[in-house]
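Presented below is the structure to which this report refers.
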Amino acid sequence: MNQQLAGYAPTPVAARMENHGRHMLKVAMASGQDLFARTGSVVAYEGFVQYEPNPPAVRQIASQWVTGEGAPVMKCSGDGLLYLADYGADVVVINLDNDALSVNGTNVLAFDAHLQWGAERVKGMAKFAGQGLWNVQFAGTGWVALTSRGTPIVVDCGRGEDETYVDPDALVAWSPTLKVKGKRSFKASSLIGRGSGEAYQMAFSGQGIVVVQPSEDSTDRLRIRG
């Protein structure tokens, strides 16, 4: 039986964060290298790992995050291997190198605690989304793990002069250097998005990337209300 299951065994550690299959994240924990992770995302661990839900150091930021995206975090510390997942969603691992990334809070799985991060309101979107769109922005050098409902596509917006339009409910992440604006669609059944009534898309321009998942977020984040 062990031979039959050999292909599913843990692989040797190659990086701080890496995929174990498409749907699971493996994190190499070490003393002094704390991790923030989505609450309830730990499915297994080896070694000595401690958890602290809603740590005081990030309580205010997490409060803003919850207001905007509804995704509380916990602090993980210790030595060993940590395995995380989010209801079978695909896991995307990104290693930031003195770079920045803006992420839909519902798609954040885990990130290095030493990264600079915070919940931010996306400029120019308030008139389209009531109180506005909140995303979590990361900056610095370190690891971030995202989830995607299916295999995502990464669009390079710097390839042409045309804007890139994305259904907000399918949006995972984007480069903060991109310019963002909203565009209304008055048709009952729009080209982008599945909702009926007045909807809108997000338009990106400039140099950078946009990560889009093939399944729309069921929270219906950015539909026109009223």
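We count residues from 1, following the sequence as given.
- In this structure, Thr177 contributes its side chain and Gly206 its backbone to no donor-acceptor pair below 3.5 Å.
- Note on Met74 and Val108: separate hydrophobic clusters, where clusters join Ile, Leu, Val, Met, Phe, Trp and Tyr whose side-chain heavy atoms are under 4.5 Å apart, directly or indirectly.
- Summarising the geometry of Leu81 relative to Ala28, their closest heavy-atom pair is CD2-CA, 4.0 Å, with the distance given to 0.1 Å.
- Ring centroids of Tyr45 and Tyr51 are separated by less than 6.0 Å, placing the two rings close together.
- Partners of Phe48 by ring-ring contact (aromatic ring centres under 6.0 Å, His included), not counting sequence neighbours: none found.
- Rounding to the nearest 0.5 angstrom, the gap separating the NE2 atom in His23 from the CG atom in Asp86 is 12.0 Å.
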Side chain to side chain contact (heavy atoms under 4.5 Å, CB included), that's the test. Do Glu18 and Trp143 meet it? Break it down for me. CA-CA 10 Å; Glu18 56 188 319; Trp143 294 85; over 6 Å; no

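- Checking side-chain atoms of Arg38 against main-chain N and O of Thr106 turns up a donor-acceptor pair under 3.5 Å.
- Defined by atom type and a distance below 3.5 Å, a donor-acceptor pair is present between the side-chain atoms of Asp79 and Ser31.
- Distance CZ/Phe204 to OG1/Thr164: 8.5 Å, rounded to 0.5 Å.
- Although no hydrogens or angles enter the test, the distance criterion places no donor-acceptor pair under 3.5 Å between the side chain of Lys26 and the main chain of Pro10.
- The CG atom of Asp34 sits 8.5 Å away from the SG atom of Cys76 when rounded to the nearest 0.5 Å.
- Considering every non-hydrogen atom in both Gly208 and Ser175, the closest pair reads CA-OG, 3.6 Å.
- The shortest side-chain heavy-atom distance between Val155 and Val166 does not fall under the 4.5 Å cut-off.
- Note that the CG atom of Asp169 and the CD atom of Gln201 stand 10.5 Å from one another [nearest 0.5 Å].
- Hydrophobic clustering keeps Leu115 apart from Leu35 (ILVMFWY residues linked when any side-chain heavy atoms are closer than 4.5 Å, directly or through intermediates).
- Interatomic distance, CG of Leu82 versus OG of Ser41, reported as 7.5 Å (0.5 Å rounding).
- Judged as a salt bridge (charged side-chain N to carboxylate O under 4.0 Å, His left out), the pairs with a partner in residues 93-112 (not counting sequence neighbours) are, in order, Arg16-Asp112.
- Taking both residues in full, the closest heavy atoms of Leu178 and Cys157 are given as CD2-CB, 3.9 Å, listed atom of the first, atom of the second, then distance.
- The heavy-atom pair separating Ser148 from Pro214 by the smallest distance is OG-CD, 4.1 Å.
- For His114, the side-chain hydrogen bond (donor to acceptor under 3.5 Å, both in side chains) criterion is met by no residue, not counting sequence neighbours.
- Leu109 contributes atom CG, which lies 8.0 Å from atom CE of Met17 (distance to the nearest 0.5 angstrom).
- The side-chain hydrogen bond (donor to acceptor under 3.5 Å, both in side chains) test applied to Thr151 returns Arg22, Asp90, not counting sequence neighbours.
- Applying the side chain to side chain contact (heavy atoms under 4.5 Å, CB included) rule to Ala85 yields the partners Val43; only residues at least two apart in sequence or on another chain are considered.
- Of all non-hydrogen atoms in Asn98 and Thr141, the two that sit nearest each other are N-OG1, 2.9 Å.
- Under a 3.5 Å cut-off, the side chain of Gln116 and the backbone N or O of Ala139 do not form any donor-acceptor pair.
- Aromatic ring orientation, Phe36 versus Trp117: tilted (interplanar angle from 30° to 60°).
- Every pair tested for salt bridge (charged side-chain N to carboxylate O under 4.0 Å, His left out) that includes a residue from residues 42-51 fails, sequence neighbours excluded, so the list is empty.
- Taken together through direct or relayed side-chain contacts under 4.5 Å among Ile, Leu, Val, Met, Phe, Trp and Tyr, Val103 and Leu96 form part of one hydrophobic cluster.
- Scanning all heavy atoms of the two residues, the minimum distance from Asn104 to Asn135 falls at N-ND2, 3.4 Å.
- Checking side-chain atoms of Ser102 against main-chain N and O of Gln137 turns up no donor-acceptor pair under 3.5 Å.
- Within the 3.5 Å criterion, the main-chain N or O of Val91 finds a donor-acceptor partner in the side chain of Asn19.
- Under the 4.5 Å side-chain contact rule for hydrophobic residues, Val136 and Val172 share a cluster.
- A continuous path of hydrophobic side-chain contacts links Val211 to Ile94 [ILVMFWY only; heavy atoms under 4.5 Å].
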